[in-house]
Structure formats: structure tokens, C-alpha cells
Peer 1: 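Got a structure for you, questions after.
Since this is a predicted model, take the numbers as computed values, not measurements.
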There are 2 protein chains.
Amino acid sequence: MPLTLKDIAKIAGVAESTVSRAINNKPGVGAQTREKIMEIVREHNYQPNQLAQGLAKRETHLLALIVADLTGPGYSEIIKSMEKTANQAGYQLIICNTDNNLAKEKTYLNLVGQHRVDGAIILGGTLANNNIMKLALNQDELLVLVNCLAEEVLIPTVLVDNARGGYLATVHLLEQGLEKIALVMGPANDFLESEKLNGYQQALADYNIPFREQLIIKTNLSREGGYNAFFRVMKIDELPDGFFVTNDLLAIGLTEAIKMGGYLIPGDFAVVGYGDSIISAVINPALTVVAEPLQQLGRLAAEYIIKLINDQAIEEVIRVLEPELIIRESSSP
Amino acid sequence: MPLTLKDIAKIAGVAESTVSRAINNKPGVGAQTREKIMEIVREHNYQPNQLAQGLAKRETHLLALIVADLTGPGYSEIIKSMEKTANQAGYQLIICNTDNNLAKEKTYLNLVGQHRVDGAIILGGTLANNNIMKLALNQDELLVLVNCLAEEVLIPTVLVDNARGGYLATVHLLEQGLEKIALVMGPANDFLESEKLNGYQQALADYNIPFREQLIIKTNLSREGGYNAFFRVMKIDELPDGFFVTNDLLAIGLTEAIKMGGYLIPGDFAVVGYGDSIISAVINPALTVVAEPLQQLGRLAAEYIIKLINDQAIEEVIRVLEPELIIRESSSP
DNA sequence: AAAATCTTCGCAAGCGCTTGCAAACTTGTT
DNA sequence: AACAAGTTTGCAAGCGCTTGCGAAGATTTT
């Protein structure tokens, strides 16, 4: 059984309140009394019971990390840096994997409302927007969004400029002299995906290349999706000379299909992927990709939520991070 | 401000204790009283404050997931299934990434001792053994180990039979008629690695192939490690005809080196990897691997710790799961 | 040296819940 | 009709901590 405040007070020969004030660096304790108490605390390795502390102060120092699928691309990296930042500020992360299950989602979002956690971070994906909204409308629910965006309601968010990413990728291909660039993407109702499309279009416009609807292949974000996309594209009248693929799995499938078709990358088709997972680096040929600042994403999210909890101002409610182009073999001239 | 027990009691016109008993399905509440209370609870969507509940019952329904590096291979998969299982039993996982930092490790392990969490799961890696021991010696610290093993002290553990994995991989290569099988592995002081070596040796013995120390390449578990391993092996007098690689990253590096050297897989060298990450499937050629039952690992770990918490017996203190061989191109005849 | 001010400290209530115990109420038995 | 036995409910203490407020002590002021 761990020591309690009472025990420390008894040992030190002072009242519990004095010990409490000493430990929490609050005024109202004499210098030598404080030192004596701290000495005893150190000696006995006393650590206050967070439950009791939380109950009294109405805070848990817990953060809910709500994510549809923990195994998402780059998520471990993001989460790792999130945990680190949170931890340094004295917070712990609790995992809430929703599996895209509406009920679980709701339960988890409730954690905040029920004062079980001090705040929540929603990471990526298709978390039901109305759930979020309902939560957000309860004024004091603290919430930060990472790599996703809420509609109709303003919630502190940190995300990557996917339009910029799409732009970078497309421009890179255009700069290689390619003009018929196919875009293989996921469902366009996903904000992240549609932004990439925007960037793609912007790039074409800047280079005076006409946009051709045919070259946009929407499929599901999977390996098969990528695989099939290639054969779908091969059916159109004028073949593309380059591919911009918005997702890792898609890229894998696509490159497999290309090779299967007996074509060479980058000889016949240049390919640019999205997301600097290890996969894109080991695939053959190594993929040129738009890389997202994963660590920064995680760190900022943690910083944001902690600031919110402490009633500190946030610089930018929607913080947009710049992606970066990593050039490898799959797009060399 | 959420409703409290008191509020519900007032609405129902009964004492708090009655409400508490009704909610917790305890005896001593009349049927219609109970129903009436539950009705009100539902209607107001009341959820007890876990902090207060925890304080009174001395339990938090929190589990610490202690892991050296969250981004480890297959960990997201394990964690996902762990979270699911824990959650179904009413527990939440809190992330504790130690970064192999001894101080953090200690702090996190303390969470258990300080009654901040009801139990802890240590996942993989090189968590300092003496830390664990010290913790384990405190009788009532609840701890489960996943994919690692404690020395000198018996702690409930669930892990994969790596010796079996090594055996399967090696036998598979032997069955292809290969006789000079190199083993590329991580540091042998890692129990997981040394077990694979044991399996390898056992397989050789069963097939009457002499063990040759030269063919064992110990390196660090990284891509470069794998890359360099190949060139180290090429210096020995008699070249191998097959490789058993104990790790994903290692396998990537090794295959790169092999291709770089102008050799073919599986033509010149057959390769078998370990751990069925997506990487092994997308690499060229697709890797034959020993796959670990990741989901089961996570689920069992959660089940174990929850059983411990509830003072239930555990079938086997050390639960060993069977790996499985997935045959792909890299080892075809 | 007494009064006024500041500092240091302890008392006690409260955070929201659980639980042992006794009071009140049922029901069954003779 | 009276009592035993069982059931249902409420009282109150306690989990370990924080914090407002007043008491005591130390320090300064006139």
C-alpha cells in the first residue's frame, strides 16, 4: 500500500494541507518547513494518488487519443511523438480505437464530457462528423483534430497541407516533361483526398496543361484499388505518362500492376506516391513521395490540447504543416 | 457539469447507496426500485465518475501499455487487438513509450505500484530486466509480458515460439534442397533472437547438416545491418545458398544487397524472413516469412492481465503461440 | 511596548463514489 | 395475532487529496 499524504504529514509533524501546499509549490509554506517536507517526500518516494488528486481538482491528466484505426499509415510515428510531448507536460494518452464504429466513437467522445479525461485528440479518418459537432457544441469539451477536418464547426486542428502536397507531386512530374498525369486517389468525399486533387489541378493550371477528367481514377484505398486503377486507366484513349498516387497501399498495387503489364518505372510511367512510409522506400523502384511531417503533427496536437486545457491561447486554430517532396527513383527522367 | 450519483438519488427519491447498488448490479435493491433507478439513469445518460469510483474501490480500470518503441514491427496490430479486448472488459489502455530510457521505464512501472493503473503490460524489447524484477517482487504488482521474457522471476507471459519459427524457416529451406543456409540475426543477447538461432540449429541437426559458425551473421536490427550482412557473408570461403533473416528491416537490406550484387532471388539465394509485415509482401520478390499471430498475442495479453486483476487463474503462466510459415516467391525452388 | 500587518499553518468541508451496519418494512410461521 | 426470518433501504464513514478561512506566530510600525 503506497504512502498517503496523511502519512507524510504525520512523519513531518505538520498538517496534511501544509504537505499538499508544499508539494504543489503553492505559497503559504515557510521555506524550511517546505524543505523538510520535500526531503521526506523524496526519501519515501511519495507520489500523490492521482485519483484523489483528480477528484479534488477535477482533472485527470489523461488525454484520449481517438483514432479510427490504430494501424493507419504513419500513425505510430505520430502517436509516439504525441505521447512524448504529452508526457513531458505530465499527461498520459489513453488509446481509443473506434474501428469506425459509431457507438464506440460516441462512448469515447463521452470520456471528455464525463470528466474522465481532460481532453481528446482525434486522429485522422472518417470520424462521424455529427458526433464531433455535438461534442464541440458542449462548450467546455476540449478537442483537437489531427489530419482531419470538422465541418460547420471550428475546432483546433493540425493538418498537412494536402493541396500543397498534391501540387508538389504534380509539378515534379510536370517538370520532368510529362503532360499526361493520372491521379489515382481514394474517395473524393474524404477531405484529405479532395485537397490533393485540388493541388493537382492547380499545378496543371499553372503549367497550362488541360485538366482531363478521364485521368482521375477514384478507387478505394487499398492495394487492390491501386492494382485495378492501372488497368482502368489503360482503357482510355490516350495513355498517361505519369502517375500521382495519393496513398501507400494504392501505390503498391499500382506499381505491381504496372510491372505486371510489362512496363517499366520510371521508363514507361513515372510514379509519385504520398506518405513516406518505409514501404515507399523499399519498394522497387524506390518511390518518390510527398512526405508528411509526422512527428511535428503529433507534437503540435499534444501541445494544442494541453494549451486548451490550461486556457492558453493557440496561435492558429487551424495549423497547416508543409509537406515535403522526397525524390527517389520512380520519377527520375 | 455531469450529473452525480446524488443527483440521480434525488430524482429517484432514494438514497445514494441504493442508486449505487442498483447501478452496480448488487443485491439488496428491490426489483421495481432498481428498474425505476435504471430508467432514470438511462434517461439522463448518467455515467458514474470513474475517478470517484476508483478512489472508493481502489481501482482505476486503466492498464499501462509499456513499450520501448511504439513503432516496432507489428506492434500496432498487437495493440489494436489488445485495446479491443481490454475495452470489452471495461478497461482502457494508456500508452507508455519508454524509448528505452531507464528513468521513463521506472516511472511507468511505478504507475502500477502507485495504484494509478490496475495492471501493466510490457510489450517486447529490451526493457531493463532488473526493473521488472524489482517490480515483480512487490507481490501485488500485476504485470504481463508480451513477446519478451523476464529472467530469474516468473511473470505471466505470452510470446511466440521463436525457436519453432526458426525451425520452420530453416526446414523450409532445407526442404528446397538447400544445405548452406546463412542466418542473419540481431544481437544474440536478445532472447527472441537467440531462440530463432536455436530453432535453426535444431533444424540442421534434424536434417544432419553440420552447423557452421561462419554462416551466422549477427548484426544490428536495421536495414543497413541486413545490407552489410550480405557482403560479410560473401567473404567466407563457401557461399551460402539460402538465407534465413530474423527481421523485416534486415530482410529489406539483405535483399537490396543481393540484388545490388547482381544475384537473383530465389535463383541464386532463397530468402525467408520473419514477421509478416506488409513490407515482406510488397518487396520484390515477395518474401516467404514466418508469421506471428499478432492479434492473438494482443488479445491474450489483455485477457491475462484482466484475469490477474480479477484474481482469476491463468491457464499457463507462460503461454507460447505457434508461428506459421507463409510461403511466397523468395523461396520457391 | 502595544497595535497593525504579514506570514505560516491547521481545521474542516468537500470532490463523487462505495459499503458495513442498523433501521424499517415484508413475508411466512405457529 | 405475535414473532422469527428475510428483504429492502438509508445513514454515515471513508477513499486521498485540495482549499477557503480563521488562528497563531513572526515581523514591522508608531
Peer 1: Rounding to a whole Å, what distance do you find between B:Glu35:CD and D:dT8:P?
Peer 2: 15 Å
Peer 1: Using atom CD1 of B:Ile37 as one end and atom P of C:dT18 as the other, report the distance to the nearest whole Å.
Peer 2: 12 Å
Peer 1: Below 3.5 Å, does any donor atom in the side chain of A:Ser17 face an acceptor in the base of C:dC11, or the other way round?
Peer 2: yes
Peer 1: Any Lys/Arg nitrogen of B:Glu39 or B:Arg42 sitting under 4.0 Å from an Asp/Glu carboxylate oxygen of the other?
Peer 2: yes
Peer 1: For the side chain to side chain contact (heavy atoms under 4.5 Å, CB included) test, which of B:Thr85, B:Thr60, B:Ile309 pairs with B:Tyr91?
Peer 2: B:Ile309
Peer 1: So, for A:Phe191 and A:Leu159, which heavy atoms are closest and what is the spacing to 0.1 Å?
Peer 2: CE2-CD2, 3.9 Å
Peer 1: 5'-most contact on DNA chain C: B:Val19 or A:Thr33, nearest heavy atom basis?
Peer 2: A:Thr33
Peer 1: Rounded to the nearest Å, what distance is computed from the NZ atom of residue B:Lys26 to the C1' atom of nucleotide D:dT8?
Peer 2: 16 Å
Peer 1: Per the atom types in the model, does the base of D:dG14 pair as donor or acceptor with the side chain of B:Arg58 at under 3.5 Å?
Peer 2: no
Peer 1: Check the surroundings of atom CD in B:Gln47: do more than 12 heavy atoms from other residues, nucleotides or ligands lie under 6.0 Å from it?
Peer 2: yes
Peer 1: Choose from C:dC17, C:dT19, D:dT19 the nucleotide whose nearest atom is closest to any side-chain atom of A:Lys57.
Peer 2: D:dT19
Peer 1: Specify the separation, in whole Å, of atom CG of A:Leu51 and atom C1' of C:dT18.
Peer 2: 13 Å
Peer 1: Rounded to the nearest angstrom, tell me the gap between atom CD in A:Glu16 and atom C1' in D:dT18.
Peer 2: 10 Å
Peer 1: Is the phosphate of C:dC15, meaning OP1 or OP2, less than 4.0 Å from a side-chain N or O of B:Asn49?
Peer 2: no
Peer 1: Are A:Tyr46 and D:dG16 close enough that a side-chain N or O sits under 4.0 Å from OP1 or OP2?
Peer 2: no
Peer 1: Kindly indicate whether the side chain of B:Tyr46, heavy atoms from C-beta on, has any atom under 4.5 Å from the side chain of B:Asp7.
Peer 2: no
Peer 1: Within the 4.0 Å heavy-atom criterion, would you say B:Gly30 contacts the bases, only the backbone, or no part of the nucleic acid?
Peer 2: sugar-phosphate
Peer 1: Measure from CZ on A:Arg21 to C1' on C:dC11 and round the result to the nearest Å.
Peer 2: 10 Å
Peer 1: Answer yes or no: does a side-chain N or O of B:Ser20 lie under 4.0 Å from OP1 or OP2 of C:dC17?
Peer 2: no
Peer 1: Rounded to whole Å, how long is the line connecting atom CD of B:Glu59 with atom P of D:dC15?
Peer 2: 16 Å
Peer 1: Starting at atom CD1 of B:Ile23, determine the distance to atom P of C:dT19, rounded to an integer number of angstrom.
Peer 2: 13 Å
Peer 1: Between D:dG10, C:dC17, D:dG20, which nucleotide has the shortest distance from any of its atoms to the side chain of B:Thr18?
Peer 2: D:dG10
Peer 1: Measuring to OP1 and OP2 of D:dG16, would you say a side-chain N or O of A:Gln53 lies under 4.0 angstrom away?
Peer 2: no
